[in-house]
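As structure tokens, the structure follows; a few thoughts come after it.
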Amino acid sequence: MNTHATDLKMLLKDPSLLETRGYVAGVWIQADDGATFDVVNPARGDVIAKVADLGVAETRRAIAAADDAMKGWAARTAKERAQIMRKWFDLMMENQDDLARILTAEMGKPLAEAKGEIAYGASFIEWFGEEAKRIYGETIPGHQPDKRLTVLKQPIGVVGSITPWNFPNAMITRKCAPALAAGCGFVGRPASETPLSALAMAVLADRAGVPKGLFSIVPSSKASEIGKEFCENPVVRKLTFTGSTNVGRILLRQAADQVMKCSMELGGNAPFIVFDDADLDAAVDGAMASKFRNNGQTCVCANRIYVQAGVYDAFAKKLAAAVDKLKVGDGMTEGTTTGPLISEKAVEKVQDHIQDVLDGGGSVLTGGKPMEGLFFEPTIVTGVTQDMKVATEETFGPLAPLFKFDTEDEVVTWANDTIFGLAAYFYARDVGRITRVQEALEYGIVGVNTGIISTEVAPFGGIKQSGLGREGSRHGIEDYLEMKYVCLSI
Ligand SMILES: NC(=O)C1=CN([C@@H]2O[C@H](COP(=O)(O)OP(=O)(O)OC[C@H]3O[C@@H](n4cnc5c(N)ncnc54)[C@H](OP(=O)(O)O)[C@@H]3O)[C@@H](O)[C@H]2O)C=CC1
Ligand SMILES: O=C(O)[C@H](O)CS(=O)(=O)O
């Protein structure tokens, strides 16, 4: 564990990006009661910032300001909204290095991955700035001679947003970009572990000319109170959430009283299937990318790796060689491929899943042990079976469990045997098999001969208990629009 403290401001070209106040109604504020909460560097264990701990009263002000500001914002032309969003995108990319350092300091991912997240996050602002100009309505041939029918698309209203710590930049832009493009007001509450990236984003939104009050960031340790306010405040018309399925259920129950429109990007349990006709080297590359990106802390990480019996040993050997090349360490250190986990709870969950495999007769092929602090050895376990925890629970850590299967039907049945349905992956070369399996897998996203599927141009989202709605792509803006049917009698 690094002992030296993170003097984040010293690392930044523009130290003004390191904001610790809330951004509410276009003003940087301390909490009404002066409270703060600590943000800790998970690689070093030191407090890197004390952030204003806003509450319900401040959130209410942010919601009211968003409602006021969106009237003028929605009245601007789509081109004007797009120009401001383009400026915001440009500023994000101009400050990519600083934003990445802030992200690595508070979340732990290696700097190279953090830079990649900034570009990924900014791409949603670029994409939806362009989509703002393509919000089309329609005319419908009248059902009677004197009727003229039209369909208008209008902004849904003020959006409340709750996002997780694992992508502290991109999970917010994947929501605020379509919201602003559609003409909505937006109030974001980032995870308490990682508020600094959201606040830095707000600094740049202000500089880009996003109207004051339209976009607010409410840092808070009081997650459930802020969430409840989003669900109960009559001005909020839309709730968008990324996080665990358990919290998604809580929010859906709370939002039901207002019959509020909700978008939910929830947990996953991705199967990663290697058939005996796969290109094994490609499959290993794909498994490494899918499993160990963000140290296994993404909702689309391979959670179960199914390998057909004929290639099981060869694949396991190749994968172990690749895993042993990973370099665990502080994300700020050049060459680090694998940072810390986010919390002690996360370390315990990985240990619990490994122990459960061992108790069930499985073995550790490589890794298997916690390291100092929140670091954990990248691990492969073999002899894993469907009755083990890792088959039904999302590990959210650097654990690659290898299951052996015999037939296509067997593995598709196992792959679909989960309450989740976000992402699935498989490697094969037979076109008949590829066609059958991609159609049979019950998931919102399927990667075929690839382990990385995330892009702003495609619809991201799950089925079953992995969520509601889609983010990104031309579809992603629909969740921030209402459809109005106008029947004109002439
Ligand atoms: N689909 C995805 O992308 C993600 C899935 N997950 C899954 O969730 C598991 C737990 O991770 P974790 O970070 O704890 O995810 P959580 O779902 O607990 O947290 C996600 C966000 O929701 C907030 N939150 C928590 N409880 C409430 C509540 N009652 N009302 C309103 N907001 C709330 C959190 O705030 P705070 O941080 O302050 O607690 C955070 O901002 C992971 O192991 C993984 O399985 C996690 C992250 C992303
Ligand atoms: O929530 C997540 O883990 C992200 O959606 C994963 S991705 O979009 O970065 O692939």
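These figures come from a predicted structure and were not determined experimentally. First listed ligand is number 1; within each ligand, the first listed atom is number 1.
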_Could you tell me if S263 and E471 have a donor-acceptor pair between their side chains, going purely by distance under 3.5 Å?_
no
Those residues with a heavy-atom separation under 4.0 Å from ligand 2 are Y120, N166, F167, M171, R174, T242, R293, T298, C299, V300, S454, F460
For N166, the ligand 1 atoms with a heavy-atom partner under 4.0 Å come out as 3 (O), 48 (C)
Within a distance of under 4.0 Å, is there any protein heavy atom near atom 19 (O) of ligand 1? no
Heavy-atom nearest pair, I125 first then M92, reads CD1-CE, 3.7 Å
If you compare G397, S244, G268, S466 by their heavy atoms, the one closest to atom 15 (O) of ligand 1 turns out to be S244
Under 4.0 Å between heavy atoms, the region of F167 that gets near ligand 1 turns out to be neither
The protein heavy atom nearest to atom 13 (O) of ligand 1 is W165 NE1, 2.3 Å
Atom 44 (C) of ligand 1 sits nearest the protein heavy atom E394 OE1, 3.1 Å
Within 45° cone and under 6.0 Å: K109 NZ/CZ vs F167 ring = yes
Residues at least two apart in sequence or cross-chain that pass salt bridge (charged side-chain N to carboxylate O under 4.0 Å, His left out) with E94, listed by chain then number, are none
Atom 4 (C) of ligand 1: of G243, P195, G467, the nearest heavy atom sits on G243
Under 4.0 Å from one or more heavy atoms of T163, ligand 1 contributes atoms 21 (C), 40 (C), 41 (O)
Nearest non-hydrogen protein atom to atom 25 (C) of ligand 1, with distance, is V247 CG2, 3.8 Å
If you scan protein heavy atoms around atom 43 (O) of ligand 1, the nearest is K349 NZ, 3.5 Å
Note to self: Whether R174 engages the ring of F460 as a cation-pi pair (distance to the six-membered ring centre under 6.0 angstrom, angle to the ring normal within 45°) should be assessed.
What the structure shows: yes
So, D53 and K222, do they make that salt bridge, N to O below 4.0 Å? yes
Nearest non-hydrogen protein atom to atom 2 (C) of ligand 1, with distance, is C299 CB, 3.2 Å
| L266, any N or O under 3.5 Å of ligand 1 N or O | yes
- Any salt bridge between D352 and K349, counting N to O under 4.0 Å? no
Atom 35 (O) of ligand 1 has as its nearest protein heavy atom R189 NH1, 2.8 Å
Note to self: Under a 3.5 Å threshold, yes or no: a donor from one side chain and an acceptor from the other, between N246 and S244?
What the structure shows: no
Those residues at least two apart in sequence (or on a different chain) that pass salt bridge (charged side-chain N to carboxylate O under 4.0 Å, His left out) with D32 are R61
State whether K389 and E393 are salt-bridged, where the test is any N-O pair (Lys NZ or Arg NE/NH1/NH2 against Asp/Glu carboxylate O) under 4.0 Å. no
So the atoms of ligand 1 within less than 4.0 Å of a heavy atom of P164 turn out to be 47 (C), 48 (C)
heavy-atom search around atom 30 (N) of ligand 1 in the protein gives S224 CA, 3.5 Å
Ligand 1 atoms nearer than 4.0 angstrom to some heavy atom of T242 are 2 (C), 3 (O)
re atom 37 (O) of ligand 1, the protein heavy-atom contact at minimum distance is E193 OE1, 2.9 Å
- Side-chain ion pair, E113 and R293, N-O less than 4.0 Å: no
Sorted by chain and residue number, the salt bridge (charged side-chain N to carboxylate O under 4.0 Å, His left out) partners of K325 (sequence neighbours excluded) come out as none
Taking only non-hydrogen atoms of A223 and a 4.0 Å limit, the atoms of ligand 1 in range are 24 (N), 30 (N), 31 (C), 32 (N), 33 (C), 35 (O), 38 (O)
_If only side-chain N and O atoms count, and only distance matters, is there a donor-acceptor pair under 3.5 Å linking N233 with R60?_
no
Would you check if F241 and L266 make a side-chain contact, meaning some heavy-atom pair closer than 4.5 Å? yes
Notebook entry, point to check: For the residue pair F215 and W88, is the inter-centroid distance of their aromatic rings smaller than 6.0 Å?
Noted result: yes
K345-ligand 1 polar pair, N/O distance under 3.5 Å
no
